There are 2 protein chains.
Amino acid sequence: MSDTTDHKTGRPTLADVAALAEVSRAVVSRALSPSPRPVSADKRERVLRAAEALGYRPNPLARSLTTKRTNLVAVVVNHIHDLSDLDLFDRLLGEIQAIGKQVLLLKVGSVDRVEAFLREGVAHHVDAALVWSDFADAATVRRMFRSDLVVMMNGCHDALSPAVVPDEAVGIREAVADAAAKGVHSAALVTGRASSAIEGERVASYRAAFEAEGIALAAVLQGDYSYASGRAAAAAFQHEATPDAVFCTSDAMAMGVLDACRRFFPDDRPSRFRLYGFDNLSITDHDAYPISSIGFDKAGFVEHIVRFVVHPETFVPGSPPVGVPTRFFPRATG
Amino acid sequence: MSDTTDHKTGRPTLADVAALAEVSRAVVSRALSPSPRPVSADKRERVLRAAEALGYRPNPLARSLTTKRTNLVAVVVNHIHDLSDLDLFDRLLGEIQAIGKQVLLLKVGSVDRVEAFLREGVAHHVDAALVWSDFADAATVRRMFRSDLVVMMNGCHDALSPAVVPDEAVGIREAVADAAAKGVHSAALVTGRASSAIEGERVASYRAAFEAEGIALAAVLQGDYSYASGRAAAAAFQHEATPDAVFCTSDAMAMGVLDACRRFFPDDRPSRFRLYGFDNLSITDHDAYPISSIGFDKAGFVEHIVRFVVHPETFVPGSPPVGVPTRFFPRATG
DNA sequence: CTGTTAGCGCATTCAA
DNA sequence: TTGAATGCGCTAACAG
């Protein structure tokens, strides 16, 4: 008779299954292992039956302690709103679950938060950390999760960690070329947080494209990616001379600009300037915000990330970030 | 000389700290414990210094194995898009992290997925599971995570698990009363998935409110909460007699209805019918979708959930779900 | 193929 | 206050 069950917590352990099936713990471990391991057919059968009878559920934590694999993948963001791209995130979550791992979602909206995590040491070990937050560099994240595998999507990578970033220059060139072809000679740029590495490169790409197409950069307005900041920025167009085109580094800001201008110039049917956004949010497919935008293939993006998680060995230290090409998506405002 | 470091993995363990500080492992454990425990000042000092020198980070998994607390909280959703309410989710994530726990995000878009989790037994032990997905009942979730504490937000609760649900009837009555006060006599209802428990109650609330206000229910159209399904549903209004008002059980569907009607009746300035949404999404504060809606206090909602996580003992088995009152948010379309 | 043994990293008895 | 010993639940290494 097994008397190990209920010794502490009510939940049956592997030892209980072994006792009931009258085999050793090792056999139970092997029979229940996801990977095929040598167990005779009849013992396997007895084990499965016993596990079923007891309602046994393995404890992944205990397993991790010996295997050194937690099947946990951290996703680190500034705020949930970084995932404005819910489509991308939904797909990512699905793929991670499909490879038998689970997502630990962390938001670290400031450098303070990162340091707090480090100090308190509460962050779980994970098999991999996927970083969108730009408040954390690769080295810090490696310490934070004691994981050697961190994939950086925030534009800050180092030699030891792979990175996947949209190659934004391509799409930006296409968008600016589109504007030029339509007779645009002057443009304003509405930007996000200047401190972010990605944003710096993005702005540089716009400047280069304007230069190449002979478009004058009439103004640079500072926003924070949000709808509200887009609206605020658009106030500049109400009184001053409006440029031929306005480029925003996020669709949300472009939506704000669009709404502000609809209010300023209610009867201005053919819009007073061409408007270009960034992100290719799904809402730009709604009638109310038909904003020409720049986006990338989400499936491809996720595929690269997951590949690093599944085959970390394919990463050669020091290699450059994997670029996912962006492209221009023309819509009514462009 | 300590030779325990680097024996397997390079990461220092508690034993390494003990060796360097020249104290026992127990002392290190106590000195580094979050809760105050008896350690002499000088030893504590030596331990902290040694831990710092080694870059020691405790392993939460190993700790969990003995404490039976993982500091993990599962959030279970159908799809990420359930979190249309990103504001709510962002706040929830913040609060959970504030109490020293971390969020494990699971999507189980179908009953199959739930069963797969159960079968594969890969779900981590968690301190609590917060369930939005309506593909999982409380008992199943308890088995899934071997956790006694699951909080149901999907409308399916049982005697053993607490539940927090918006009290939708209040807001619905207010919205319908608003319509009645404005002379609405007939209404159409655009609904989501009929199978969901929440949706069933919601529809019943609308029916009751219509009845109470003497509004005739002209049509019930089936959607799936999405923008696209709202657009499709609106086709019915193009040819048939339009009702005085259209009530949608999600803002996304209301947005679809609005855009479809703008297209059908482009010059119909004073809209042909009043439109009411549900969820009070932040986008309804944008100019383009000024949809009167029904929402609830997100801070209060999250507060209730977190309270159950922190003080599970406050839940009395068998008690009814905690209701968070909703209210009507009038906007231009109402 | 099987069972025994020895840890994984930590918290917690219990004596001292 | 301290340290030695024990065990959490499981897998891996080894010998049969």
Side-chain angles (χ1 to χ4, degrees), chain A residues 2-47 51 54 56-71 121-125 146, chain B residues 2-19 21-47 51 54-71 121-125 146:
Chain A
S2 148
D3 68 337
T4 57
T5 306
D6 272 36
H7 44 150
K8 270 299 191 272
T9 157
R11 321 195 184 296
T13 75
L14 178 146
D16 300 320
V17 178
L20 183 59
E22 300 183 295
V23 297
S24 74
R25 293 177 352 205
V27 168
V28 177
S29 175
R30 289 193 274 259
L32 263 35
S33 165
S35 44
R37 296 161 131 281
V39 182
S40 67
D42 71 319
K43 294 209 173 182
R44 178 189 306 278
E45 191 52 39
R46 268 156 51 197
V47 167
L54 260 37
Y56 167 74
R57 327 238 58 227
N59 183 338
L61 261 60
R63 179 188 320 226
S64 302
L65 204 52
T66 66
T67 60
K68 309 289 185 195
R69 292 169 58 265
T70 58
N71 283 341
V122 291
H124 270 272
H125 289 208
R146 304 162 210 71
Chain B
S2 148
D3 67 337
T4 56
T5 306
D6 274 36
H7 43 150
K8 269 302 190 268
T9 157
R11 321 193 184 298
T13 75
L14 178 146
D16 300 320
V17 178
E22 299 182 296
V23 297
S24 74
R25 294 178 342 198
V27 169
V28 177
S29 174
R30 289 192 277 257
L32 265 33
S33 167
S35 43
R37 297 163 133 282
V39 182
S40 66
D42 71 320
K43 295 210 173 183
R44 178 190 304 279
E45 190 54 36
R46 270 159 46 200
V47 167
L54 260 37
Y56 168 73
R57 331 237 55 230
N59 183 337
L61 260 60
R63 183 192 318 236
S64 302
L65 202 52
T66 65
T67 62
K68 307 289 184 195
R69 292 169 57 261
T70 59
N71 284 340
V122 290
H124 270 272
H125 291 208
R146 305 159 212 71

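The structure presented is a predicted model; accordingly, all values stated were derived computationally and were not measured. Residue numbers start from 1 in every chain, and the chains themselves are labelled A, B, ... in the order their sequence lines are given, proteins ahead of strands. All heavy atoms count here, side chains included; hydrogens, waters and symmetry mates do not.
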Go through dC10(D), dA12(D), dA11(C) for me and flag the one nearest to the R37(A) side chain.
-> dA12(D)

Could you say whether K43(B) or S33(A) is positioned toward the 5' end of DNA chain D, judged by the nucleotide with the nearest heavy atom to each?
-> K43(B)

Determine: side-chain N/O of S29(B) to OP1/OP2 of dA11(C), distance under 4.0 Å, yes or no.
-> yes

Base, sugar-phosphate alone, or nothing: which one does R44(B) contact when heavy atoms must sit under 4.0 Å apart?
-> nothing

Would one find a side-chain N or O of S24(A) under 4.0 angstrom from OP1 or OP2 of dG3(C)?
-> yes

Grab the CG-P distance between L65(B) and dT6(D) for me, whole Å please.
-> 18 Å

Residue A26(A), side-chain heavy atoms: nucleotide from dG3(C), dG9(C), dG7(C) that is nearest = dG3(C)

Residue-level proximity of residues 56-64 of chain A to DNA chain D when a heavy atom falls under 4.0 Å = Y56(A), P58(A), N59(A), A62(A), R63(A)

Report the C-alpha separation of V47(A) and L32(A) in whole Å, then their side-chain angles, then the decisive distance to 0.1 Å, and conclude whether the side chain to side chain contact (heavy atoms under 4.5 Å, CB included) test is met.
-> CA-CA 8 Å; V47(A) 167; L32(A) 263 35; 3.6 Å; yes

Steps toward side chain to side chain contact (heavy atoms under 4.5 Å, CB included) verdict (R46(A), E22(A)) | CA-CA 8 Å; R46(A) 268 156 51 197; E22(A) 300 183 295; 4.1 Å; yes

Protein-nucleotide distance (R25(A), atom CZ; dG9(D), atom P), rounded to Å = 11 Å

Which part of the nucleic acid does R69(A) contact within heavy-atom distance under 4.0 Å: base, sugar-phosphate only, or nothing?
-> nothing

Give a yes or no answer on whether the side chain of S64(B) reaches the backbone of P60(B) with a donor-acceptor pair at less than 3.5 Å.
-> yes

First encountered from the 5' end of DNA chain D, between R30(A) and V39(B) | V39(B)

For dT2(C), does either OP1 or OP2 sit under 4.0 Å from a side-chain N or O belonging to S40(A)?
-> yes

Inter-axis angle, terminal five-pair segments of the helix from dC1(C)-dG16(D) to dA16(C)-dT1(D) [nearest 10°] | 40°

Can you find a side chain N or O atom of K68(A) that sits less than 4.0 Å from OP1 or OP2 on dA12(D)?
-> no

Taking it one step at a time, do R69(B) and N71(B) satisfy side chain to side chain contact (heavy atoms under 4.5 Å, CB included)?
-> CA-CA 6 Å; R69(B) 292 169 57 261; N71(B) 284 340; 3.5 Å; yes

